Enquirer: 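Below you will find the structure I want to go over with you.
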Amino acid sequence: MGKPIRNITIVGGGTTGWLAATVLNHRLQWGFAHPDGVNITVIESPHVPIIGVGEATIPAIRQTLEMLEIDEAEFIARTNATFKLGVRFDNWHKPGGGRPESFFHPFTGGVQVAGRNPAASLLAYGLPEGVDADPQLSNLVGHGVAAAAAAKSPKRPSDGAYRGALGYSYHVDAALFAAFLQEVAMARGVRHVSDTVQGVERNERGHIAALQLADSGRHEVELVIDCSGFRGLLINQALEEPFESFSDYLLNDRAAVVQIKHREGDPLLPTTASTALGSGWRFGIPLQSRIGTGYIHSSNFISEQDAIDELVRSLNGAERITEPRIVPMRVGRTRRSWVGNCVALGLAGGFLEPLESTAIQFVDFACRRLLQCMPSSDFEPAPIDKFNKQMALIYDDVLDFLGLHFTLGDRDDTPYWRAQQHEAKRSDRLEECLALWRGGLPDVYDPRGSDIFTFWSVAAVLFGKGFYSGPVAAGSDLLPRPMWDRYVHNFLNLREGVLATLPDHAAALKGIGERAVTGATVAKSARPDSVPRIGFALGPPVPVMTPGGIAAAG
């Protein structure tokens with residue numbers, strides 16, 4: 001058995017490199033005061049720009065930021081952040097086809113009534129007589145849809161850090177987020193080298209022995225992490241690990257991106273917007289001072305210039321801050337994320353559709369798994385194999401979830417949308433699950449499992465896509481009609497009280513900004529004086545409703 005690894009080199013900065021540095025530093029160098037001492041160095045080229053025009057996240061990032069002891073108010077102020085309650089999907093269906101004009105995938109929701117899934121009763125009975133409400137499942141098992149539509153903040157002034165009445169994540173400025181993480185990591189002992197990798201030296205085992213830097217010369221490495229983006233500078237180029245394309249499953253391979261100003265008088269919605277266009281979809285990520293937007297599309301169906309033109313038309317005259325540019329996307333994953341002494345994170349490891357905002361989460365999850373699979377300096381194969389299998393499962397999980405959005409559509413007005421229906425592939429596991437869901441509801445025992453998207457998320461998409469046209473035959477979740485009617489009335493009455501306690505989204509952010517203290521996080525970094533949180537909960541517990549009471553589904 002070899003000695004413990006003492007030196008970690010991260011090649012590439014940006015959100016990926018600095019998030020990795022901060023997470024690894026917390027466990028190995030700062031927060032847990034590792035007794036053997038681990039040196040972490042980030043080598044960041046000054047000539048490689050950050051791609052992001054705005055970045056959306058999913059709720060697990062809250063647990064990570066809290067674990068890292070990052071001051072939430074400072075984080076929100078420093079990264080131009082807004083709250084995110086979920087994703088709203090517009091124009092994804094054929095007009096007049098009987099499906100909802102828009103649907104919502106919320107971060108909050110999922111109640112049981114007497115131990116039963118109310119989705120079965122919604123399909124069997126519909127809304128009770130006289131109830132005027134959005135009939136989406138996600139609107140009837142949580143309050144996030146209504147709060148988002150009303151531009152409400154999930155946090156009240158009385159809520160503690162990383163706590164709120166509703167489940168939430170953030171929209172952030174990717175460049176500001178990276179700079180903030182860099183400041184925190186360096187204050188906690190991470191070394192930063194501003195230099196460019198020009199060559200790679202390998203040893204007799206085929207591992208990377210050293211990097212040749214443009215200014216600093218030879219830099220020896222022990223464990224090296226490739227955060228070099230789509231280039232895969234180390235994992236794909238130096239180690240020649242093949243990249244496996246997912247283009248048969250996910251058709252989009254380009255993004256036309258631009259930054260725009262908020263329209264005067266428009267509310268600041270706590271929602272990522274996803275609007276379907278002719279050959280893809282446009283995202284809208286609202287930050288406090290601007291909106292990041294872009295057209296995710298397939299180059300097989302539209303040219304770069306036509307994509308830019310369609311994007312500009314879809315903005316309806318919004319004032320542009322930057323000019324549109326095209327960003328190629330490498331969609332798929334590196335066959336093995338860990339080869340020898342090199343681990344690929346972020347875009348170097350893989351990238352899927354940005355539709356459900358999983359890019360940062362892939363980095364977060366990979367760092368957690370890396371810490372659990374850390375080998376000795378001999379780089380034993382067993383923990384490396386474990387890491388690779390776990391990362392492959394995560395990519396496959398998200399690939400299947402994205403497949404629901406694209407392959408279950410009914411739009412047939414352009415060649416692109418017809419190809420999504422009839423040519424895009426599905427995995428065998430997704431086909432197996434769809435066969436189950438045609439006769440029954442998604443549940444925790446489905447074959448797909450998930451560390452990211454629960455069966456409630458699957459249900460929100462299936463209902464939003466009009467997957468069910470009537471009651472399901474399988475399962476035993478159907479409630480007696482009077483109990484269903486009582487549940488809906490009580491739940492909607494409860495909502496009035498919940499929403500009344502929530503402040504306006506923009507006003508809440510303004511208050512947080514006024515209370516934020518620049519440097520509050522770094523001030524904690526001189527000496528950790530509290531026991532760091534070590535849990536990695538992926539979200540709030542599912543609230544349960546009993547026959548005699550109502551549980552507030554946040």
Side-chain angles (χ1 to χ4, degrees), residues 56-59 62 76 81-92 100-111 118 122 127-128 130-159 162-171 262-275 283-291 293 318 357 456-457 460 463-464 487-513 539-540 543 550-554:
T57 61
I58 60 178
R62 286 163 48 205
I76 289 171
T82 59
F83 292 118
K84 175 183 174 182
L85 297 179
V87 186
R88 190 187 72 245
F89 296 88
D90 298 323
N91 300 333
W92 280 71
E101 182 177 324
S102 298
F103 68 96
F104 200 88
H105 173 205
F107 291 147
T108 300
V111 297
L122 175 61
L127 292 177
V131 171
D132 182 19
D134 185 340
Q136 291 184 66
L137 172 66
S138 56
N139 186 51
L140 299 171
V141 296
H143 304 308
V145 178
K152 293 285 190 175
S153 164
K155 286 179 70 75
R156 300 155 296 195
S158 59
D159 289 324
Y162 302 106
R163 302 293 184 270
L166 304 176
Y168 67 91
S169 67
Y170 315 94
H171 306 107
H262 288 286
R263 293 182 188 275
E264 187 174 352
D266 282 358
L268 182 61
L269 296 177
T271 307
T272 301
S274 169
T275 304
F283 66 83
I285 296 178
L287 302 177
Q288 293 183 49
S289 64
R290 60 172 174 82
I291 298 173
T293 188
S357 311
W456 286 109
S457 291
F463 274 76
Y487 161 74
V488 173
H489 283 289
N490 290 345
F491 189 75
L492 294 179
N493 287 337
L494 175 68
R495 172 170 297 161
E496 294 182 14
V498 172
L499 295 188
T501 68
L502 299 178
D504 172 75
H505 183 212
L509 292 169
K510 184 174 184 292
I512 290 170
I550 295 289

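Because the structure is a prediction, the values reported are computed rather than measured.
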Enquirer: R62 versus T57: any side-chain heavy-atom pair under 4.5 Å?
Expert: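 Contact flag for R62/T57 side chains = no.
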Enquirer: Give the minimum heavy-atom separation between P100 and G464, together with the two atoms involved.
Expert: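 Shortest heavy-atom contact: CD-O, 3.7 Å.
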Enquirer: So F89 and S102, side chain to side chain contact (heavy atoms under 4.5 Å, CB included) or not? Walk me through it.
Expert: CA-CA 5 Å; F89 296 88; S102 298; over 6 Å; no
Enquirer: Identify the heavy atoms of P286 and I291 that sit nearest to each other, and give their distance.
Expert: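 That would be CA-CG1, 4.2 Å.
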Enquirer: Can you name the closest pair of heavy atoms from I58 and S357 and give their distance?
Expert: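 Looks like CG2-O, 3.7 Å.
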Enquirer: Is the closest side-chain heavy-atom distance between V131 and H489 below 4.5 Å?
Expert: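 They are in side-chain contact.
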Enquirer: Would you tell me whether N490 and R495 have side-chain atoms, one donor and one acceptor, within less than 3.5 Å of each other?
Expert: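 Not at all, the side chains of N490 and R495 share no donor-acceptor pair under 3.5 Å.
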Enquirer: Residues in side-chain contact (heavy atoms from CB on, under 4.5 Å) with P267, at least two apart?
Expert: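 Partners of P267 by the side-chain contact (heavy atoms from CB on, under 4.5 Å) criterion, ordered by chain and then number, come out as A151, L269.
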Enquirer: Looking at G167 and L85, what are the two nearest heavy atoms and their distance?
Expert: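 Taking every non-hydrogen atom into account, O-CD2, 3.4 Å.
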Enquirer: Look up atom OG1 in T272 and atom NE2 in H105, then write down how far apart they are to the nearest 0.5 Å.
Expert: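 Reported to 0.5 Å precision, the distance equals 11.0 Å.
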Enquirer: Can you name the closest pair of heavy atoms from P135 and L122 and give their distance?
Expert: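 Smallest interatomic distance, heavy atoms only, reads O-CD2, 3.7 Å.
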Enquirer: My understanding is that only residues two or more places apart in sequence, or in another chain, count here; which of them pass salt bridge (charged side-chain N to carboxylate O under 4.0 Å, His left out) with K155?
Expert: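 Partners of K155 under the salt bridge (charged side-chain N to carboxylate O under 4.0 Å, His left out) test: E72.
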Enquirer: Under 3.5 Å, side-chain donor or acceptor atoms of residues 500-509 against the rest of the protein: list the pairs with distances, not counting sequence neighbours.
Expert:
residue : atom : partner : partner atom : Å
T501    : OG1  : V498    : O            : 2.7
D504    : OD2  : A506    : N            : 3.1
D504    : OD2  : A507    : N            : 3.0
H505    : ND1  : L268    : O            : 2.8
H505    : NE2  : F83     : N            : 3.1

Enquirer: Who passes ring-ring contact (aromatic ring centres under 6.0 Å, His included) against H171, sequence neighbours left out?
Expert: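 With neighbours one apart ignored, the set is empty.
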Enquirer: What residues form a side chain to side chain donor-acceptor pair (under 3.5 Å) with S153, not counting sequence neighbours?
Expert: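 For S153 there are no side chain to side chain donor-acceptor pair (under 3.5 Å) partners, ignoring immediate neighbours.
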Enquirer: Please determine whether side chain to side chain contact (heavy atoms under 4.5 Å, CB included) holds for the pair Y170 and I76, giving the CA-CA distance in whole Å, both sets of side-chain angles, and the decisive distance to 0.1 Å.
Expert: CA-CA 8 Å; Y170 315 94; I76 289 171; 4.2 Å; yes
Enquirer: Any side-chain heavy atom of F107 within less than 4.5 Å of one from S169?
Expert: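 Yes; the side chains approach each other to less than 4.5 Å.
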Enquirer: Quick check: do L127 and L140 have side-chain heavy atoms less than 4.5 Å from each other?
Expert: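 They are in contact (side-chain heavy atoms under 4.5 Å apart), so the answer is yes.
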Enquirer: Go through I285 and T293 one step at a time and tell me if the side chain to side chain contact (heavy atoms under 4.5 Å, CB included) criterion holds.
Expert: CA-CA 6 Å; I285 296 178; T293 188; over 6 Å; no
Enquirer: Mind checking side chain to side chain donor-acceptor pair (under 3.5 Å) for S274 and listing every partner two or more places apart, or none if nothing turns up?
Expert: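 By the side chain to side chain donor-acceptor pair (under 3.5 Å) rule, S274 matches W92.
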Enquirer: Does D134 have any side chain to side chain donor-acceptor pair (under 3.5 Å) partners at least two apart in sequence or in another chain, and if so, which?
Expert: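 Side chain to side chain donor-acceptor pair (under 3.5 Å) list for D134, sorted by chain: Q136.
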Enquirer: Apply salt bridge (charged side-chain N to carboxylate O under 4.0 Å, His left out) to D159 and list each qualifying residue two or more places apart in sequence or on a separate chain.
Expert: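 In terms of salt bridge (charged side-chain N to carboxylate O under 4.0 Å, His left out), with neighbours along the sequence ignored, D159 is linked to R156.
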Enquirer: Can you name the residues that form a salt bridge (charged side-chain N to carboxylate O under 4.0 Å, His left out) with R88, not counting sequence neighbours?
Expert: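 By the salt bridge (charged side-chain N to carboxylate O under 4.0 Å, His left out) rule, R88 matches D90.
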Enquirer: Just to verify, what does F104 make a ring-ring contact (aromatic ring centres under 6.0 Å, His included) with, not counting sequence neighbours?
Expert: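 Here no residue qualifies.
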Enquirer: With a 6.0 Å cut-off (strictly less than), is the heavy-atom count around CG of D132, excluding the residue itself, greater than 12?
Expert: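 No, the 6.0 Å shell around CG holds no more than 12 heavy atoms from other groups.
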Enquirer: Considering residues at least two apart in sequence or located in another chain, which fulfil the ring-ring contact (aromatic ring centres under 6.0 Å, His included) criterion with Y162?
Expert: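 Applying ring-ring contact (aromatic ring centres under 6.0 Å, His included) to Y162 gives none.
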Enquirer: Stepwise, does the side chain to side chain contact (heavy atoms under 4.5 Å, CB included) test hold for Y487 with V111?
Expert: CA-CA 11 Å; Y487 161 74; V111 297; 3.1 Å; yes
Enquirer: Counting C-beta onward and ignoring hydrogens, is there a side-chain heavy-atom pair between P118 and V141 closer than 4.5 Å?
Expert: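 P118 vs V141: side chains touch.
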